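Below, each value reflects all heavy atoms present in this structure, side chains not excepted, and no hydrogens, waters or symmetry copies. Because the structure is predicted, anything quoted here is derived from the model rather than measured. Below, chain A is the first sequence line, B the second, and so on; all start at residue 1.
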Amino acid sequence: MSFSKTVEITETSADTRRITVTVNGTPRVVEVEPRLLLVHLLREGLALRGTHIGCDTTNCGACTVLHDGNPIKSCTMLAVQADGHEITTVEGLGTPSELDPVQEGFHREHGLQCGFCTPGMMMAARALLDREPDPSEEDVRWALSGNLCRCTGYQNIVKAVLWAADKQRGAQPAEEDAR
Amino acid sequence: MTALDEVKIGGLGASRLRVEDQRFVRGRGTYLDDIKLPGMLYMEIVRSPLAHARITRIDTSKAWQIPGVRLVLTGEMMAQRNLAWMPTLSYDTQAVLATDKVRFQGQEVVVVVADDPYIAKDGCDAVEIDYEPLPAIVNPEQSAAPGAPIIRDDKPGQTDNTCYRWEVGDREATERAFAEADVVSSLKLHYPRSHPSPIECCGAVADFDAGTGKLTVYMTTQAPHIVRAAVALIAELPEHQIRIVSPDIGGGFGNKVPVYPGYVHAILASILTGRPVKWIEDKTGNLISTGFGRDMYLDAQMALRRDGKILAVRMHADTDQGAFFADAQPSKFKVGLLHSAFACYDIGIGYITAQGHYTNKAPGGVAYRCSFRVTEAMFFQERMMQAAATDLGMDQAEFRRINLRRDVAFPARTPFGFLVDSGQYHKCLQVGLDAIGYDEFRREQAAAREKGRLLGIGISTMTEPLGAGNSREYDILGIKMFDSAELRVHLTGKAILRTGARTQGQGHETTWAQIVAHELGIPADDVVVEEGDTDTAPYGMGTYASRSTPVAGAAVSMAARKVRAKARKIAAHLLEVSEEDVEWELGRFYVRGAPERGASIQECAMAAYSNMPDGMEPGLEATAYYDPPNLTWPFACYIVTVEVDPETGVWDVLRVVAVDDCGVRINPMIVEGQIMGGLTEAYAMASMQFQTYDADGNMIGANYMDYLLPTAWETPGFELHEVVTPCPHHPIGAKGVGECAAVGGPAAFVNAVIDAIGDAGVRNIDMPLLPDRVWTALQTRQSVSGAPPVGRS
Ligand code: FES
Ligand code: FES
């Protein structure tokens, strides 16, 4: 027994379920209340704070993660529903030393300002590029239409995703204008 | 030795990629909700479901019984501590928790603090409150009606629902000008209530340490120092024992300037429980109770000569302030800088009156991506310009050309007291007209009309005052509006810079370092920027009203110049010449007449700690407080083309051309990002984004299902152009830019749709131009008002 295994039993501990969720490639076994939202499991239970919460009505997409490779809004799924599934969050993009092309594209094309929508945007973009390596501008706009950004006006986000697509396909990403 | 290439070291004009991106793209930003302290409790708020009602009973006993609930706060408990009411930033008071009655839907009534947010929500559900409903007042007309119930019966001496009255200009001269006019043009408008709605909501983590007496509050605030002052005054805590930390901010747009009741609740809850307390709003809480923008009615007239010359303007504005006057306006200007309207035109005479009204709606009227009501000013101005040109039968571009100030006219005083100091208005307009192909579009439009297709073009030209102060005229609660920077150059020539501003996506960590690079030749990558912690940052008024670059950015320059002045003395010592014989080029001092003999800024930094001249104070650092001599006056020309479907009233944007003259651009990439963000908000306001209320005071637009924000799918593409007129008084010639497109943009979209309809009967359609409103205008051939309903359900 080590100190990190210590769990304080409070009178509030309610009925819980044991679930196994594979997060960013690692199976995690956790006890959760049935009403716990997946986003709270990720952020609070597993301390993966890159996934953000921006609304209460499934509209903003700040909480977007991949569920078996498909983008979902983790504020609208219960943790218990993810039992037996694979979840990928922004922390699962790239490696500590090397960014995913999507991350690099957002940086190079100034696809973010405050950064709050960015993890969700990037996960939606990742899912698009996984199924369509050579998307059109229209494809990108449609794929991101479930994610709101208040800062950028989207034009640079679209450019960022197209940059990532080029890079990933080995095409020369568009030369940046005299930077 | 060749001089440094400024762009290579990330100086002025370099589109330097942002340093803050590195943490954000990895999901490693630290936003408020990411802060988790040991033993932290969570707070939730019970809000009023009614707009206006007397509270007859509050029973919190069932909430106290829920395991894990640690504290339940009521207005009565706040009142016992003299905290039931707090001052606003506009010399009014606001209820922290309701005691007597509720005055808007969503008002804070009870607070529950528990071990986790789910339990706190359970606690909220268990609170019982009885209300006795009162009639709700939802617009200024009802508010001013004789016999209207008095909303602010808590205020001694308040006998009606008037919040303020204000006037500016010369009434008699204006009357005379109107009497002499060939044509008088008039227009009535409503600029609807809109919410800044950053994706991240407001929140705080309050942590009071009884052992040290120190209160630390992590808070989503654009202005941490103002908040520290406010907390010191409200909670009567010593200011040196208060530390406000503004972590990474997920967008602000003016929403995160005011001090909200939730902050005060969290602070008191931490003091009472002895534990850190986190409060973070849900989206409905944010949309229903925190600072909205606009909600202003305008009645304007313009006196015109037949040849197109504007003789005078007259405006009256009614503002719907909600239940409390809770904006943050400069104290002298009750309706913000509304009187900046028409500043770009050569008009000598004008008169403006304004009246603020209390209503049973959420409090605010904040500067939403705007320099204090400038957005309303420029919208009214450019809508009025279109109506006047139409009345004169004159081309829209030509009418503007006749009245825009000429380049030789600066500096010039507006009839309302502003000093506009620079610009190339005619050039900007021409760049815009050429880019859109104005004449050709007019021909296309005529040809399309023959076939029953409705094309339209809208122009908006404006200059706006950004970057308050100067401190003679601008203060908030008496605190003068200046800003500050502190630069420390370390022994190895690397540096840390702190300012009193607070970035919320504008990229200060990137651009401030570029100003240092420009002034000192220290590569931008060698400068780290820190903001937002009142224990370490110099005193400043924060980031809003596009004031960061005009004020804090100027302070960065001035601090760097002080450092350079000291480094020059050190260089003279190192080079063994007198100071007068030392010349500067970027990054290096050298001996006049012998340029090969020099000392780099890095060598001077090393010497400042290891080899300073006799008698010199060691170290290389400086602090500058900057009080700008004037506001900065960027100019912009926005031109939009649209096609309206006559069958459905749906309109599509064809093109958006933006020409911005914001002076010298520190980082063109970031400037363009700001402009595109602003244009998107302009499109949003014109097309879909608004909050309204039904006759009972229920808010429509309290979540993202009802409050529509444009996505990547609807948002049009933007074509950006630039003209550069340096600001004559800013140390590097920069002007504010973050808000221009959101301020000047909306009128371009609306003008385009009205132009497409092309019917003299349709002078106006109130924003947002929803398809049903446009369709109604097409059918009835009349203007369409979007004002909230009068009369009861
Ligand atoms: S938090 Fe907004 S969609 Fe999930
Ligand atoms: S970058 Fe701020 S919301 Fe998208």
Is any side-chain heavy atom of [Y] closer than 4.5 Å to one of [X]?
X: A:Cys151; Y: B:Phe253; value: yes
X: A:His110; Y: B:Arg18; value: yes
X: B:Thr711; Y: A:Leu148; value: yes
X: B:Pro198; Y: A:Phe116; value: no
X: B:Arg26; Y: A:Val90; value: no

Next on the checklist: Salt bridge or not between A:Arg49 and B:Asp33? Use side-chain N to carboxylate O under 4.0 Å.
Outcome noted: no
Checklist entry - Under 4.0 Å between a Lys/Arg side-chain N and an Asp/Glu carboxylate O for B:Asp21 and A:Arg108? => result no
Side chain [X], main chain [Y], donor-acceptor under 3.5 Å:
X: A:Asp56; Y: B:Asp282; result: no
X: A:Arg150; Y: B:Gly251; result: no
X: A:Gln155; Y: B:Met676; result: no

Next on the checklist: Between A:Glu44 and B:Lys36, does the side chain to side chain contact (heavy atoms under 4.5 Å, CB included) criterion hold? Intermediate values first, please.
Outcome noted: CA-CA 9 Å; A:Glu44 307 297 329; B:Lys36 196 171 188 178; 3.4 Å; yes
Checklist entry - Just wondering, are more than 12 heavy atoms of other shown residues or ligands nearer than 6.0 Å to CZ in B:Arg28? => result no
Next on the checklist: Tell me if the CZ atom of B:Arg655 is crowded by more than 12 foreign heavy atoms within 6.0 Å.
Outcome noted: yes
Checklist entry - Does the ring centre of A:His40 sit less than 6.0 Å away from the ring centre of B:Tyr118? => result yes
